[in-house]
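Within every chain, numbering begins at 1; the chains are lettered A, B, ... in the order of the sequence lines, protein sequences first and strands thereafter.
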Number of protein chains: 2
Amino acid sequence: MNYDEAKIKFVSTWGSLGSLWGINKAMAQIQALLFISTQPLSMEDIMEDLKISRGNTSMNLRQLMDWGIVTKEIIPGERKEYFTTEKDVQELARTIAQERSRREIRPVIKVLKDVSSIKDDGTEKTKELIKQTKALHDLTETADDMINKLVNQKQNWITKSLLKLIK
Amino acid sequence: MNYDEAKIKFVSTWGSLGSLWGINKAMAQIQALLFISTQPLSMEDIMEDLKISRGNTSMNLRQLMDWGIVTKEIIPGERKEYFTTEKDVQELARTIAQERSRREIRPVIKVLKDVSSIKDDGTEKTKELIKQTKALHDLTETADDMINKLVNQKQNWITKSLLKLIK
DNA sequence: TCAAACTTTCAATAATTATTGAAAGTTTAT
DNA sequence: ATAAACTTTCAATAATTATTGAAAGTTTGA
C-alpha cells in the first residue's frame with residue numbers, strides 16, 4: 001500500500017465511522033483529510049480532493065467549526081480561507097465526547113428523569129415504567145459523567161485511567 | 001404526565017436515541033416497548049402499539065435477536081410467538097457495547113493499523129499520515145479495550161469503576 | 001466606489017435508508 | 001394430508017438525509 005492508497009483508505013474508513021459519533025460522511029472525511037495534512041487546506045483543496053461541491057464543503061466546514069474541531073487559519077497575503085483541525089487525538093476525543101454529551105445525551109437524560117418521575121398510581125405497568133426508566137436514567141447519567149471525567153483528564157487520560165482501573 | 005403520555009415520550013425518545021448505538025428507530029422503539037412491558041409481547045401487540053407493519057416488526061425483531069437483546073418466549077398453549085428484552089440495564093449496556101465493538105470498532109482498528117503500517121518513504125506527508133493514524137489507532141484500541149473491560153465487570157461496573165477512577 | 005475573489009445560502013435533485021404489504025414459507029392441530 | 005394460524009421475505013414505495021450548483025452575499029484591493 002502506497003501513500004495515496006493509504007490516504008484514500010483512511011479518509012473513507014474514517015468517513016464511514018462518522019455515524020459512530022453522530023456526524024455525516026462528508027464531515028468526517030473533511031476532518032480526516034485535515035487530520036493528516038501537513039498544512040492548512042483551502043475550500044478549493046478539499047473540494048478537489050474529496051470530489052464534493054463547494055456548497056457541501058462550505059456547510060460541513062461550518063459544522064466542524066461549530067463542533068470546535070476545525071478552525072479557520074488566516075494566511076497572510078492570501079485571499080482564501082484556510083482550515084486546520086485539532087491534531088492532538090486526546091484533545092479531539094475530549095471535544096467530540098463533550099459535544100455529543102451536550103447535544104444528545106443530556107437531553108435524553110432529562111426526558112428519562114421526567115418520565116421516571118410520573119406519579120405512581122399503584123398499577124403494575126406504571127410501577128414497571130418508573131422502575132425501568134429510572135434504571136436507565138441512572139445508568140445513562142453515570143456513564144455520561146464518567147466519560148466526561150475521563151475525557152477531561154487531559155494528559156494521557158485513557159492510559160492513566162486504564163492503569164488505575166484494571167488493577 | 002400520565003402513564004400513556006410518559007410511555008409515548010419514553011418510547012419515542014429512546015427511538016431517536018437509536019442512532020447513538022447504531023440501530024434504527026423502529027428497532028430501538030420495539031426494544032423500548034419491551035423494556036417497560038410487564039409481560040412478553042406478540043408481534044401483533046408490537047405492530048398495534050407502534051403502528052408499524054408486520055414486515056417491519058418481523059425484520060426488526062430478528063435484528064434485535066441477532067444483537068442478543070431480545071429473546072423469543074414460548075407461552076404454553078399459545079400459537080403466537082412472544083418476545084421479551086433483557087430487563088437488566090447493566091447487562092443491556094454490556095451486550096450493546098460488545099456488539100458495537102465487534103461490528104464497527106474492531107474493523108476500523110484493523111484499517112488504522114494497516115494504514116499506519118505503510119512503508120515510510122521519507123516524505124513529510126507520509127510521516128504525517130503514519131504518525132496521525134498511529135495515534136488514532138492507539139487511542140481507538142485503548143478506548144475499545146477499556147469500554148469492554150468496564151462493561152464486563154458485571155456487578156455495578158459503572159459505580160465501582162467511577163469510585164476507583166475519580167480518586 | 002467598483003469589481004474581482006471568494007464564501008454562503010437554499011431550492012432542486014439525488015442517494016440512501018426505512019417501511020409496506022402481499023405472496024411465499026412454516027408450523028401445528030386435527 | 002390439510003387448512004388455519006402464524007412468520008418471513010422481498011420488490012415496490014415512501015421518507016429521510018445528503019449533495020449540488022447557481023444566485024446572493026461578503027470582503028478586499030485598487
Arg94(A)/Glu91(A) salt bridge by N-O under 4.0 Å criterion: yes
Counting the atoms with a prime plus P, OP1 and OP2 as sugar-phosphate, which does Glu81(A) contact under 4.0 Å by heavy atoms, base, sugar-phosphate, or nothing? sugar-phosphate
Donor-acceptor pair between Asp45(B) and Ser42(B) side chains, under 3.5 angstrom: yes
Residue closer to the 5' end of DNA chain C, Arg54(A) versus Arg79(A) (nearest nucleotide): Arg79(A)
Testing the basics here: between Ile52(B) and Asn56(B), what is the closest heavy-atom pair and its distance to 0.1 Å? CB-ND2, 4.0 Å
Judged by each residue's nearest nucleotide on DNA chain C, which is more toward the 5′ side, Phe83(A) or Asn56(B)? Phe83(A)
DNA chain D nearest-nucleotide lookup for Gly55(B) and Lys25(A): closer to the 5′ end is Gly55(B)
Taking Lys87(B) for the side chain and Phe35(B) for the main chain, is one N or O donor matched with an acceptor at less than 3.5 Å? yes
Once rounded to the nearest 0.5 Å, what's the spacing between atom CH2 of Trp67(A) and atom CZ of Arg102(A)? 9.0 Å
Reading DNA chain C in the 5' to 3' direction, which nucleotide is the first one with an atom under 4.0 Å from a heavy atom of chain A, and which is the last? dA4(C) to dC10(C)
Flag, side chain of Gln98(A) to backbone of Thr95(A), donor-acceptor distance under 3.5 Å: no
What is the base-pairing partner of dA22(D), counting Watson-Crick and G-U wobble geometry with both distances under 3.5 Å? dT9(C)
